[in-house]
Engineer: 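Just passing along the structure, written as structure tokens.
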Amino acid sequence: MTVLTLGLNHHTAAVDLRGRFAFAVEQLVPALKGLHARMATSMQAEVALLSTCNRTELYCAAGSLGGHGHALQRSAVEWLSGIGGVSADELMRHTYVLEGGQAARHAFRVASGLDSMVLGEPQILGQMKQAVREADSAGTLGTTLHQLFQRSFAVAKEVRTSTEIGAHSISMAAAAVRLAGQLFEDLSKTKVLFVGAGEMIELTATHFAARTPRAMAVANRTLERGEKLANHLGAQAMRLADLPQRLHEFDIVVSCTASSLPIIGLGAVERALKARKRRPMFMVDLAVPRDIEPEIGSLDDVYLYTVDDLSALVQTAGEKRQAAVAQAEAIIETGVQGFVHWLDQRTTVPLIQALHSQADAWRAAELARARKMLAKGDDLEAVLEALSRGLTQKMLHGAMAELHSADAHQRPQVAASLARLFLRGDLTALNATPSQRHPDNRPAPQGDAA
């Protein structure tokens, strides 16, 4: 078994293209089942799907990818391109395909926050754990992917506890507040509307609340969930359906929902601006796909930012950050080596199983012969001797046959392998002279031991 990762992220695809391949949490299980059904049963495939505002990634594992790798990749690309409504060629121009150790390194970097827009941000780790739970629920998470993700979580934990990877950068939420502060001199005089009630909105609202705006409101499709967040923030809750009529009341609008279509349209914003007498509006769209129609950004009095627009603000530099990254990469490299070693060991599992099966068959055959001898009344000592001799002969027959059939060129290699396997490094038997041997061909005891 080995692993393969196919994905696109904020490095390879713009927000509008990423939005075509975004999955809500409730879509993950049926999506995974659909993809798994497309894959040949001979692959013994495992699949997990990670989907966030910054990335959509498929993690796959299959037996003997050397034979199935191309077919596995083709199935994944065809399925994903169908989801996004683009050609496979177009999709491949924006995706990356990683295998084996490279796939593991990527997973570990993602879990540790090294591949995020916000260096070291912790949200991605929770999203990866959610992806694993959904794959487990779908029945597509097998031993190999389970091991990959559990090791990812362990590496991420070590990175966060052993380095300062998250200490030298600002979050997306903090970046939004900073931008708003550049437009409005005093945020305490502004009214802020949050559209959605998920984790990202809660985080962003917490940052804005710290600046004590004049009023805050939460609009959500489910009023009960919106009220819960509003009560926590000391804000007003409103129905999403009321948003077009009340949009003009707010100076700042931050939206992040799981809607597959924009929920704030150009017409609604134009009417809001007219009612505001052209007073500016600051809008942040943290959703993928977009919640706010991109054409709104062309309006003179609207300052619209997407997650991609915020990326420049959340990138920081400095010696401390670079040192933390170097430490994190070293931890990740150790984790990758451990995972690759585990994968390599897995390749011997069929051989180990076959050896155990053969040994059990030999044992069963000799036990059956011993029982027959006992039933005939043979002496117990003779039966035990025959049992042990029979097992020994069966165990050594194949090795002796290989040694005797080897030609002059092969024989030294075969002999060295047999010595390593059966003598376990004790090579005195090979070096003993005939006079030093016991009658049964074992080396004579050395030294003056009695």
Engineer: Are Arg105 and Phe339 close enough that some pair of their side-chain heavy atoms sits under 4.5 Å apart?
Structural biologist: no
Engineer: Taking side chain as C-beta onward, heavy atoms only, is His248 less than 4.5 Å from Arg271?
Structural biologist: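 His248 does not reach Arg271 side chain to side chain.
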Engineer: Does the side chain of Ser357 pick up a donor-acceptor pair with the side chain of Asp360 at under 3.5 Å?
Structural biologist: no
Engineer: Would you list the pairs meeting ring pair (Phe, Tyr, Trp, His ring centres under 6.0 Å) in which at least one residue belongs to residues 261-308, sequence neighbours left out?
Structural biologist: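 Qualifying pairs, neighbours excluded: Phe282-Tyr305.
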Engineer: How about His146: does its NE2 atom have over 12 heavy atoms from other parts shown lying under 6.0 Å from it?
Structural biologist: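 Incorrect, the count does not exceed 12.
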Engineer: Leu240 and side chain to side chain contact (heavy atoms under 4.5 Å, CB included): which single residue from Val195, Thr257, Thr222 fits?
Structural biologist: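 Among the candidates, only Val195 passes.
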Engineer: To check you understand the geometry: which heavy-atom pair defines the closest contact between Gly335 and Val155, and what is its length?
Structural biologist: CA-CG2, 4.1 Å
Engineer: Roughly how far, to the nearest 0.5 Å, is the CD1 atom of Ile292 from the SG atom of Cys256?
Structural biologist: 10.5 Å
Engineer: Is there side-chain contact between Phe194 and Val253, with at least one heavy-atom pair below 4.5 Å?
Structural biologist: no
Engineer: Taking C-beta and beyond as the side chain, do Leu50 and Thr56 meet within less than 4.5 Å on heavy atoms?
Structural biologist: no
Engineer: Is the number of heavy atoms from other residues, nucleotides or ligands within 6.0 Å of CZ (Arg411) greater than 12?
Structural biologist: yes
Engineer: Locate the shortest heavy-atom distance separating Leu223 from Ala237; write the atom from each residue and the value.
Structural biologist: CD1-CB, 4.2 Å
Engineer: Run the ring-centre check on His11 versus Tyr96 and record whether the distance is less than 6.0 Å.
Structural biologist: no
Engineer: Could you go through Val110 and Met128, starting from their C-alpha distance and side-chain angles, then the distance that decides it, and tell me whether this counts as side chain to side chain contact (heavy atoms under 4.5 Å, CB included)?
Structural biologist: CA-CA 9 Å; Val110 170; Met128 286 190 78; 3.8 Å; yes
Engineer: side-chain hydrogen bond (donor to acceptor under 3.5 Å, both in side chains), that's the test. Do Ser87 and Asp89 meet it? Break it down for me.
Structural biologist: CA-CA 5 Å; Ser87 68; Asp89 290 340; 5.5 Å; no
Engineer: Just wondering, do Pro122 and Arg160 contact through their side chains at under 4.5 Å, heavy atoms?
Structural biologist: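 They are in contact (side-chain heavy atoms under 4.5 Å apart), so the answer is yes.
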Engineer: Which atom names give the shortest non-hydrogen contact between Pro289 and Ser259, and what distance separates them?
Structural biologist: CD-O, 4.0 Å
Engineer: Distance from Arg109 atom CZ to Glu333 atom CD, nearest 0.5 Å?
Structural biologist: 11.0 Å
Engineer: Using the rule given for side chain to side chain contact (heavy atoms under 4.5 Å, CB included), can you reason through Phe108 versus Leu148, listing the C-alpha separation, both sets of side-chain angles and the distance that settles it, and then say yes or no?
Structural biologist: CA-CA 9 Å; Phe108 294 174; Leu148 172 69; 4.1 Å; yes
Engineer: Check whether any side-chain heavy atom of Ile252 sits under 4.5 Å from a side-chain heavy atom of Val284, and report yes or no.
Structural biologist: no
Engineer: Does a donor on one side chain sit under 3.5 Å from an acceptor on the other, for Gln130 and Arg133?
Structural biologist: yes
Engineer: So how far is it from Cys53 SG to Arg18 CZ, rounded to the nearest 0.5 Å?
Structural biologist: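 Output value for this atom pair is 7.0 Å.
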Engineer: For a 4.5 angstrom cut-off between non-hydrogen side-chain atoms, does Ile124 reach Arg55?
Structural biologist: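 Yes, at least one pair of side-chain atoms sits under 4.5 Å.
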Engineer: Does one side chain, of Gln182 or Arg178, offer a donor that lies under 3.5 Å from an acceptor on the other?
Structural biologist: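 No pair is found: no donor N or O on one side chain lies under 3.5 Å from an acceptor on the other.
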Engineer: Please check this pair: side chain of Gln27 against backbone of Ala24, looking for a donor-acceptor N/O pair closer than 3.5 Å.
Structural biologist: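 Yes, the answer is positive, given that a donor and an acceptor are paired below the 3.5 Å cut-off.
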Engineer: For the NZ atom on Lys394, are there more than 12 heavy atoms of other groups (residues, nucleotides or ligands in this structure) within a distance under 6.0 Å?
Structural biologist: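 Yes.
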Engineer: Looking at Glu249 and Arg276, is any side-chain nitrogen of the basic one under 4.0 Å from a carboxylate oxygen of the acidic one?
Structural biologist: no
Engineer: Taking Thr12's backbone N and O only, do any of them form a donor-acceptor pair with His94's side chain (distance below 3.5 Å, no angle check)?
Structural biologist: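 Answer holds: yes.
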Engineer: State the CD1-OG distance between Ile201 and Ser255, to the nearest 0.5 angstrom.
Structural biologist: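 The distance works out to 6.0 Å.
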Engineer: Assess the residue pair Tyr59 and His106 against the criterion (side chain to side chain contact (heavy atoms under 4.5 Å, CB included)); give the C-alpha distance rounded to whole Å, side-chain angles, the decisive distance to 0.1 Å, and a yes or no.
Structural biologist: CA-CA 11 Å; Tyr59 291 86; His106 178 76; 3.7 Å; yes
Engineer: Answer yes or no: does atom CD of Glu185 have more than 12 heavy-atom neighbours from other residues, nucleotides or ligands under 6.0 Å?
Structural biologist: no
Engineer: If you round to the nearest 0.5 Å, how far is CE of Met281 from OG1 of Thr190?
Structural biologist: 12.0 Å
Engineer: Who are the side chain to side chain donor-acceptor pair (under 3.5 Å) partners of Gln410, not counting sequence neighbours?
Structural biologist: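 By the side chain to side chain donor-acceptor pair (under 3.5 Å) rule, Gln410 matches no residue at all.
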Engineer: Decide side chain to side chain contact (heavy atoms under 4.5 Å, CB included) for Phe153 and Lys157; before the verdict, give the C-alpha distance in whole Å, the side-chain angles of both, and the deciding distance to 0.1 Å.
Structural biologist: CA-CA 6 Å; Phe153 302 153; Lys157 181 179 180 180; over 6 Å; no
Engineer: Tell me whether Lys189 forms a cation-pi arrangement with Phe184, defined as NZ or CZ under 6.0 Å from the six-membered ring centre and within 45 degrees of its axis.
Structural biologist: no
Engineer: Of the non-hydrogen atoms in Leu28 and Glu134, which two are nearest, and what is the gap between them?
Structural biologist: CD1-CG, 3.7 Å
Engineer: Closer than 3.5 angstrom, by distance alone: can the side chain of Thr161 be matched with the main-chain N or O of Glu158 as a donor-acceptor pair?
Structural biologist: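 The answer is yes, because a donor-acceptor pair under 3.5 Å joins these two groups.
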Engineer: Search all heavy atoms of Val3 against all heavy atoms of Ala103 and return the closest pair with its distance.
Structural biologist: CG2-CB, 3.7 Å
Engineer: For a quick check under 3.5 Å, do Asp308 and Thr306 share a side-chain donor-acceptor pair by atom type?
Structural biologist: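 No, no side-chain donor-acceptor contact under 3.5 Å.
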Engineer: Using atom types as modelled and distance alone, determine if a side-chain donor or acceptor of His207 lies under 3.5 Å from a backbone N or O of Leu203.
Structural biologist: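 Flag set: sc His207 to bb Leu203 pair under 3.5 Å.
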Engineer: Would you say the side chains of His36 and Glu46 form a donor-acceptor pair under 3.5 Å?
Structural biologist: no
Engineer: According to salt bridge (charged side-chain N to carboxylate O under 4.0 Å, His left out), does anything in residues 278-294 pair up with another residue at least two apart or in another chain? List the pairs.
Structural biologist: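 As it turns out, the salt bridge (charged side-chain N to carboxylate O under 4.0 Å, His left out) pairs with a partner in residues 278-294, which skip direct neighbours, are Asp16-Arg290, Asp251-Arg279, Arg278-Asp301.
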Engineer: What is the distance from atom CD of Glu78 to atom CD of Gln73, rounded to the nearest 0.5 Å?
Structural biologist: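 Here the interatomic distance stands at 10.5 Å.
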Engineer: Answer whether the closest heavy-atom distance between the side chains of Thr144 and Leu343 falls below 4.5 Å.
Structural biologist: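 Of all side-chain heavy-atom pairs linking Leu343 with Thr144, at least one is under 4.5 Å.
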Engineer: State, to 0.1 Å, how close Ser112 and Ala156 come at their nearest heavy-atom pair, and which atoms those are.
Structural biologist: OG-CA, 3.5 Å
